[in-house]
Amino acid sequence: MTVAPRNAVVILLDSLNRHMLGAYGGTEFETPNLDRFAAGAVRFTRHYTGSLPCMPARHDILCGALDFLWKAWGSVEIWEDAITYALRDKGVVTQLISDHPHLFETGGENYHTDFTAWDYQRGHEGDAWKTRPDPSWAGAPAFGRHWMPYDNSRGWFRGEQDFPGPKTMAAAARWIEDNAGQPKNGKDGRFFLFVDEFDPHEPFDTPEPWASKYDPDWEGPHLIWPPYAVGAEKRGVIDARQGRQIRSQYGAKLSMIDHWLGKLLDVIEAEGLAEDTMVILCTDHGHYLGEKDIWGKPGCPIYETLGHIPLMIRMPGIEPGVRDALTTAVDIFATLADVFGVTLRQRTHGRSLMPLLRGEAGAVRDWLLTGVWGRDVVLVTAKHKYVRGPAGENAPLSMLSNRWSTMPTHGAVDPRVALPLPDERAFLDRMPGSDVPVIHQTWGAGDAVPFWARFRPTGNHVYDLETDPAEDENLAGGALEIQLAEQLRAALAEMEAPKTQFERLGLA
């Protein structure tokens, strides 16, 4: 019998590559605990990204609204709330446990504020944790990367248990032991735990034995920082041997965090949460590690490696199995809102997955959109992927925001250059479904624009994902593209996207 979950645990592992997990057919790296979880869960096979990259993806999950059509990476805006705001009013205790630096710096600084409590485990990537390095840490090749706060933090990790990922999983396990199911958790003991784990995101840095697990013959410092580049090997940014080493280090981090995830799963099982708690395991996006000679997350089409991502959900009373329906990140938000019986004031774009989980429906959506603000807009349907780039110059561009912040670049780019301030062209507008005035800035051809929009378009791409899952044959330019372009235009109109999107994409 299906039992409505009382609680929810969301475990997000950043940059989790679907095709590298055993549960999805991967054999390159060991992921026994992810596979163990999948064996007892519903595994979604057609789950895709929405807004990209890191913080926009979390906005999808926590606020439920795709934002990449309106704004770049940024904070929760004044016209919207995170789901934790509504859960607080409902009497649900909410806890964030994370080592994700972007949640606690400009551009993501207020996603944590409506949680009942939050626990930040320090030292990952861009976290400004230490003011000086441990002199024993020699660093590692960066492949064009500028200095990062991790260079100060890394030497202070004395053992595996001191790395941010293991610390985060251990903290989550302790929280469940100390709090899960206790009457003090709200009016009736309900809780929402969000474990936002930055691993296996770079730096792909692990202690031994993990570091040498998949490349034992490597000599010298391990290569923990991947380049962000298209054609990296072809252009000589790295050679094939360095590429194998970088890929092995991602695998090392994947297997290490899988190991520590297992400890968290053990506690979830020991505390009996399977009886009344939904557990969702997800990610924000994948990470290119040489597929099509692409590395990192550069400005290029969103191929399956980056956009086709894992989603597994374990729910009381639901038998393990597979769901092939099309789903996306905002659907996780809609599912949580359904479980807890809450609504938010902003317009949201998700569809609850509960009908799929319960076997009451075979699909909840016919299409989805994914992309990075200022770049290609991607339509995914049951059969096709349509990547629509700018029709000419990448203009006009619009950004709607009242907070005007984006991802910090830690000195690599001046903040006012990375995100130009509004100018005399700005005017007050409204987001769809909202009466709150919002600054609407437009940029034209030749203007200095936010760095997200500074990419090299590659034209339009059409792929038949059924017959060409490797996306080797671009079918753009024919009748099929005309059909998909009209479907994309209709989707943008349904979402009330800014008219500048139609203009720059040649869909006006």
Side-chain angles (χ1 to χ4, degrees), residues 9-16 29-37 95-104 117-140 148-180 193-216 221-222 224-225 248-271 273 279 281 283:
V9 176
V10 173
I11 304 170
L12 189 157
L13 303 182
D14 199 292
S15 305
L16 187 64
F29 304 123
E30 296 175 8
T31 55
N33 292 295
L34 283 159
D35 302 343
R36 165 168 61 115
F37 180 81
Q95 173 74 46
L96 169 67
I97 300 176
S98 181
D99 59 359
H100 185 176
H102 298 312
L103 283 167
F104 302 97
W118 48 273
D119 181 354
Y120 182 21
Q121 298 294 321
R122 307 299 303 270
H124 213 308
E125 198 215 33
D127 177 18
W129 181 43
K130 296 291 186 180
T131 58
R132 64 176 180 84
D134 182 311
S136 68
W137 172 235
M148 289 289 285
Y150 193 77
D151 294 318
N152 280 351
S153 301
R154 170 59 176 88
W156 300 98
F157 307 154
R158 305 307 184 191
E160 181 177 334
Q161 70 280 358
D162 297 326
F163 279 70
K167 287 194 298 184
T168 301
M169 291 297 168
R174 287 193 301 271
W175 188 88
I176 288 175
E177 289 175 332
D178 294 343
N179 296 277
L193 171 63
F194 185 26
V195 184
D196 189 350
E197 171 49 50
F198 209 36
D199 285 353
H201 191 287
E202 77 265 23
F204 306 145
D205 185 24
T206 61
E208 296 293 356
W210 305 107
S212 299
K213 182 175 179 62
Y214 299 112
D215 193 1
H222 290 289
I224 64 174
W225 295 103
S248 79
Q249 294 310 288
Y250 174 92
K253 201 163 206 191
L254 172 61
S255 292
M256 183 181 80
I257 201 60
D258 176 271
H259 171 73
W260 286 85
L261 170 67
K263 297 177 183 295
L264 173 57
L265 296 178
D266 288 344
V267 171
I268 288 174
E269 293 169 8
E271 294 295 322
L273 298 189
V279 182
L281 201 149
T283 189

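Owing to the predicted nature of the structure, the values given are computational and were not obtained by experimental measurement. Note: hydrogens, waters and symmetry copies are ignored here, and every other heavy atom, side chains too, is used.
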Provide the closest heavy-atom pair for [X] versus [Y] in the form atom of the first, atom of the second, distance.
{"X": "A128", "Y": "R122", "value": "O-NH2, 3.4 Å"}
{"X": "S15", "Y": "H201", "value": "OG-CD2, 3.4 Å"}
{"X": "Y150", "Y": "G123", "value": "CD1-O, 3.3 Å"}

How many angstroms lie between [atom1] in [X] and [atom2] in [Y], if you round to the nearest 0.5 Å?
{"X": "M148", "Y": "E202", "atom1": "CE", "atom2": "CD", "result": "8.0 Å"}
{"X": "D215", "Y": "Q249", "atom1": "CG", "atom2": "CD", "result": "7.0 Å"}
{"X": "D178", "Y": "Q95", "atom1": "CG", "atom2": "CD", "result": "10.5 Å"}
{"X": "E197", "Y": "D99", "atom1": "CD", "atom2": "CG", "result": "4.0 Å"}
{"X": "L13", "Y": "T168", "atom1": "CG", "atom2": "OG1", "result": "10.5 Å"}
{"X": "R36", "Y": "L261", "atom1": "CZ", "atom2": "CG", "result": "7.5 Å"}

**Message:** I'd like to know whether L193 forms a side chain to side chain contact (heavy atoms under 4.5 Å, CB included) with W175, so could you lay out the CA-CA distance, the side-chain angles of the two residues, the decisive distance to 0.1 Å, and finally the verdict.
**Reply:** CA-CA 9 Å; L193 171 63; W175 188 88; 4.0 Å; yes

**Request:** Please say which of W210, Y214, F204 ends up in a ring-ring contact (aromatic ring centres under 6.0 Å, His included) with F29.
**Result:** Y214

**Item:** Side chain proximity check, L16 to L254, heavy atoms < 4.5 angstrom
**Value:** yes

**Request:** Taking atom CZ of R158 as the centre, report whether more than 12 heavy atoms of other residues, nucleotides or ligands fall under 6.0 Å from it.
**Result:**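 Yes - once you tally the heavy atoms of other residues, nucleotides and ligands closer than 6.0 Å, there are more than 12.
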
**Message:** Assess the residue pair W129 and Q121 against the criterion (side chain to side chain contact (heavy atoms under 4.5 Å, CB included)); give the C-alpha distance rounded to whole Å, side-chain angles, the decisive distance to 0.1 Å, and a yes or no.
**Reply:** CA-CA 10 Å; W129 181 43; Q121 298 294 321; over 6 Å; no

**Prompt:** Among I11, V279, D258, which residue meets the side-chain contact (heavy atoms from CB on, under 4.5 Å) test with F37?
**Reply:** V279

**Request:** Please say which of P207, P164, P166 ends up in a side-chain contact (heavy atoms from CB on, under 4.5 Å) with F157.
**Result:**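 Between F157 and the candidates, side-chain contact (heavy atoms from CB on, under 4.5 Å) is satisfied uniquely by P164.
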
**Asked** Under the 3.5 angstrom rule, does the side chain of T206 hit a backbone N or O of K253 as a donor-acceptor pair?
**Response** no

**Prompt:** Less than 6.0 Å separating the ring centroids of F163 and W260?
**Reply:**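 Ring centres of W260 and F163 not closer than 6.0 Å.
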
**Asked** Would you say the side-chain atoms of H124 and D199 include a donor-acceptor pair closer than 3.5 Å?
**Response**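 Yes, side-chain donor-acceptor contact under 3.5 Å.
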
